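In what follows, a structure is listed as structure tokens, so that the remarks can point back to it.
So that the names make sense, note that chain A is the first sequence line, chain B the second, and so on, each numbered from 1. Keep in mind it's a predicted model, so treat the numbers as computed, not measured. All heavy atoms count here, side chains included; hydrogens, waters and symmetry mates do not.
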Amino acid sequence: MKKANADLFNRASKIVRESVVAARGIVQPNRQVRNGWELLATSVDVLSPAAAPLPLPVADKVGADMDTRFDNRTLDLRKPERRAIFHIRSLVESAVRGYLGGQAFLEVHTPKLAGAGAEGGATLFQTDYFGRRAYLSQSPQLYKQMLMSTGLDRVFEIAPAFRAEPSDTVRHVTEFTSFDGEVAWIERQEDVFAFLEGAVDQAIQRVRVDGKAELELLQASPERPKVPFKRLAYREALEILRGGGKRVRDGDDIDTEGEKLLGQSMAKEGHAMYFLTGYPAAIKPFYVMADADDPQYSYSFDLEYKGDEMASGGQREHRYDQLLQRMKEKGLNVENFDFYLKAFRYGMPPHGGWGFGLDRFVQKLLDLPNIREAILFPRDRTRLIP
RNA sequence: GCCCCGGUGGUCUAGCGGUCUAUGAUCCCGGCCUGUCGAGCCGGGUGCUCGGGUUCGAAUCCCGACCGGGGCGCCA
């Protein structure tokens, strides 16, 4: 450019970084250049100049704090390694849709504005609905179950879920993308596993095959877990924890430390991903089905990946009387849930399903340090803009 | 909500009672140079979160507020 046109070179060298330009010229191969070709420009027009200084370094050597980056997310996303995350995320969603579509699942959408919550009111965002009280949906749980009574026997949904939990951790946000599935006519909880397993396996496979360049950019190389995934019963898990010196009683929930210990233990056996099954009924929501042989426990599971909870699910209580009783035991105001109970009153097939955290999965898949990295515009306790 | 840590030019940092009219990098401006590099060289520019207090003296110590990072609880 310089030799051909000194004036053009001078003007081009004065363009502020990150400006949007249109360059015309001749493209020719050049072995000295990284990408193998260069543009010999004959004209350069600034279509939209960038203001200076930039609030965030894009092509510089220096870094930026997470907060600065998310305040200026559009500039942050100009870095190829940031955008690569969302290429991967898109592959994951696409693979899940393809796989479940092939298993006769229907993709559905349930309301995100709701008159009642799924699991108690503490974590619901409240809003005004023409003078009435409304909530942002924290889970499609009730609606996808209701669909099980309609003949839409296999459904899944990929949609936002909202939790007003003041959680400040690297794996929590207030708005996340939930990948839910629900299947009718199951005979046992196990029948659900194959679908979730298949979807996750397909997603990882797809990323490995079609996301090579992005994975390289992100320096990630996710392994494909063995299918079927390992099943670890709650009671076995307690034994492992006790063997590791942790004091846990039967019926206790497994805390974060325990979850990480189990993750390490399973990883040693070559299981990056495993189902943790048969939780105590007392610590699970009203809609889970109690174990027929031992009602203290339940047909429920968590799917664990690299020491973190990716999904939870199980077989649901489809019998009207038992469901009603469990709701009362959990102290729920049954009248508020009549719209839900109606779906059970006129015949409901046995069913089960899962809720899977898509953002969290992308985070762990790529070993990202924070779930926010897997979300374009994350929402947390303090961040509502942009 | 609880616990720990932190807030220094646009950005990322060093400094942790006087030697700070504050370090380095990046950025921006001006100039030079350049066949490949988030290139190099020279000169210049921009800063101690806010409010109280301690002290002869505070970026530095104390208290509070605000903001941020991490952990726990809870969960996806």
**Asked** Should B:C33 form a Watson-Crick or G-U wobble pair with both distances under 3.5 Å, which nucleotide is its partner?
**Response** none
**Item:** Side-chain ion pair, A:R316 and A:E182, N-O less than 4.0 Å
**Value:** yes
**Asked** At under 4.0 Å between heavy atoms, what does A:N370 touch on the DNA or RNA strands: base, sugar-phosphate, or nothing?
**Response** sugar-phosphate
**Prompt:** B:G51 and B:C4: how far apart are their P atoms, nearest whole angstrom?
**Reply:** 27 Å
**Request:** Evaluate whether the aromatic ring of A:F356 and the six-membered ring of the B:A76 base sit under 5.5 Å apart, centre to centre, with an inclination under 30°.
**Result:** no
**Item:** Pairwise P distance for B:C48 and B:U23, with rounding to whole Å
**Value:** 13 Å
**Prompt:** Would you say the side chain of A:R360 and the base of B:C75 hold a donor-acceptor pair, judged only by whether the two atoms sit under 3.5 Å apart?
**Reply:** yes
**Item:** Carboxylate-amine/guanidinium proximity below 4.0 Å for A:E257 and A:K260
**Value:** no
**Message:** In whole Å, measure the gap between the P atoms of B:G9 and B:U60 for me.
**Reply:** 14 Å
**Prompt:** When rounded to the nearest Å, what value does the distance between P atoms of B:U13 and B:G7 take?
**Reply:** 10 Å
**Request:** For A:R171, report the nucleic acid contact type (base, sugar-phosphate, nothing); a contact means any heavy atom under 4.0 Å.
**Result:** base
**Fill in**
Quick note, A:K79 side chain, CB onward, closest among B:G38, B:G35, B:C74 is B:G38
**Interatomic distance at P, B:U49 relative to B:U8, whole Å** = 6 Å
**Request:** Scan A:D308 against the nucleic acid and name what it touches under 4.0 Å (heavy atoms): base, sugar-phosphate only, or nothing.
**Result:** nothing
**Complete:** Of all heavy-atom pairs linking A:K112 and A:A159, the shortest is CE-CB, 3.7 Å
**Request:** Considering non-hydrogen atoms only, spot the tightest contact between A:V183 and A:M148 and give its length.
**Result:** C-SD, 3.6 Å
**Item:** Paired nucleotide for B:C2 [Watson-Crick or G-U wobble; both distances under 3.5 Å]
**Value:** B:G71
**Message:** Does A:E259 reach a base, just sugar-phosphate, or nothing at all? Heavy atoms under 4.0 Å.
**Reply:** base
**Prompt:** Rounded to the nearest 0.5 Å, what separation is found between the OH atom of A:Y234 and the CG atom of A:D250?
**Reply:** 6.0 Å
**Asked** Base, sugar-phosphate alone, or nothing: which one does A:E38 contact when heavy atoms must sit under 4.0 Å apart?
**Response** base
**Message:** Given B:C12, B:G10, B:C74, identify the nucleotide with an atom nearest to the side chain of A:P55.
**Reply:** B:G10
**Asked** Roughly how far apart, to the nearest Å, are B:A58 and B:C20 at atom P?
**Response** 16 Å
**Item:** Nucleotide paired to B:C16 in any strand shown, Watson-Crick or G-U, under 3.5 Å
**Value:** none
**Request:** Give A:K260 one of three labels, base, sugar-phosphate or nothing, depending on what nucleic acid heavy atoms sit under 4.0 Å from its own.
**Result:** sugar-phosphate
